[in-house]
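Worksheet: the structure to be examined is printed underneath.
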Amino acid sequence: MLSVMKLNCCYVPLDTDYPSSRLTYILKDSNTHLLITETNLVESGLDLVVNTISVNISSIDLSEYSSIDLDLKEERIDDAFVIYTSGSTGLPKGVIQTHLMLSNLIQWDLNNSGIERGLCHLQYSSFSFDSSLHDIYFALSGGGKVCIVHKEALLDYDLLSSYILTHEIEVLSFPFAGLNNFYNELNVNSLLGHHIKHIVSTGEQLYVSGALQSFLSSNPEVELHNHYGPSETHVATSHTMSFQSEDLEHRSSIGVPISNTEIYILNREGLLQPVGVTGALYSRIWLGSRLFKQ
């Protein structure tokens, strides 16, 4: 991922748990020229997609190549990576994420999120999910460490809690459904002696209840962060809370906009709603002369 971005190219993450028909569609739709794969995936058939060259990274001896940065003279493109939506309402839709948008988010993380630099982050989400890329680039940009969870531990919460303790994880980042399931399935003593300082919830409405609420009540110094945003604008708003500073609401607020971001509540005609009136959330991110909106 880092190499592709340094090469001034744009990448498309492919989750191998997806059906081959979906992966083939994404490769064709994104007009991908190069497929980076490994030995146990070579027989997937994806390398047969027209106009796509397959490179088996497992068979390459990287020690044969120089570690010196390439002297690239090309004009830098802004497209960094493409995230494909679930396709629940039809075919998957590719959303281009840019260097500008990612840089804006990471700068906000480092300076305004309330999460310290240099911490150890748990990498739980699939790397084809935009929140995982946020976790990775935030941790590395701040001099932190990323611990990537093995697939067998993703749904085995005893293994996962042991992993969190062994690696002294300080930042947990989960989609809310995963976060809720993780705490509800845990034995009450499974995380004794933990090093957790921050919990980040993404992807859907955050509710503070059950075992998650009990954990936060017993560990009032742990901060809970609710990050909200559609794929088109990534994280657009954030809300941070802890029992040390307040009684947590059952249904969390999505908070306030991050840097260079504006939020509007609109009606069906696209007009501003009065204060207190329900409407649709519209976000705009201004970066230089470019506007990103959803």
**Aromatic ring pairing H250/Y207, orientation class (parallel under 30°, perpendicular over 60°, tilted between)** =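 Answer is tilted, since the angle falls between 30° and 60°.
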**Prompt:** How are the rings of Y282 and Y264 set relative to one another: parallel (under 30°), tilted (30 to 60°) or perpendicular (over 60°)?
**Reply:**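 Correct class here is tilted.
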**Asked** In a check of side chain to side chain contact (heavy atoms under 4.5 Å, CB included) between I169 and each of I164, I196, L119, L191, which one passes?
**Response**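 So, applying the side chain to side chain contact (heavy atoms under 4.5 Å, CB included) to I169 and each of I164, I196, L119, L191, only I164 qualifies.
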**Request:** Provide the full list of ring-ring contact (aromatic ring centres under 6.0 Å, His included) pairs with a residue in residues 182-201, sequence neighbours left out, each pair given once.
**Result:**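 Counting only pairs at least two positions apart or across chains, the ring-ring contact (aromatic ring centres under 6.0 Å, His included) contacts touching residues 182-201 are Y157-F182, F174-F182, Y183-F215, H194-F215, H198-H225.
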Identify the heavy atoms of [X] and [Y] that sit nearest to each other, and give their distance.
X    : Y    : value
L266 : Q273 : C-CG, 3.7 Å
D61  : S63  : OD1-OG, 2.5 Å
L160 : A153 : CB-O, 3.4 Å
S201 : L206 : OG-CD1, 3.7 Å

**Message:** Salt bridge check, K93 against D29: does any charged N sit closer than 4.0 Å to a carboxylate O?
**Reply:** no
**Asked** Is L133 reachable from V146 through a run of hydrophobic residues whose side-chain heavy atoms are each under 4.5 Å from the next?
**Response**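 Yes, V146 and L133 fall within the same hydrophobic cluster.
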**Message:** Are L281 and Y228 packed together at the side-chain level, in the sense that at least one heavy-atom pair is separated by less than 4.5 angstrom?
**Reply:** yes
**Prompt:** Does NZ or CZ of R22 lie under 6.0 Å from the centre of the six-membered ring of Y18, at an angle within 45° of the ring axis?
**Reply:** yes
**Prompt:** Could you walk me through whether R117 and N111 pass the side-chain hydrogen bond (donor to acceptor under 3.5 Å, both in side chains) check?
**Reply:** CA-CA 9 Å; R117 304 182 186 208; N111 300 302; 3.2 Å; yes
**Message:** Evaluate D79 against T98 for side-chain hydrogen bond (donor to acceptor under 3.5 Å, both in side chains), listing each step before the verdict.
**Reply:** CA-CA 4 Å; D79 298 342; T98 68; over 6 Å; no
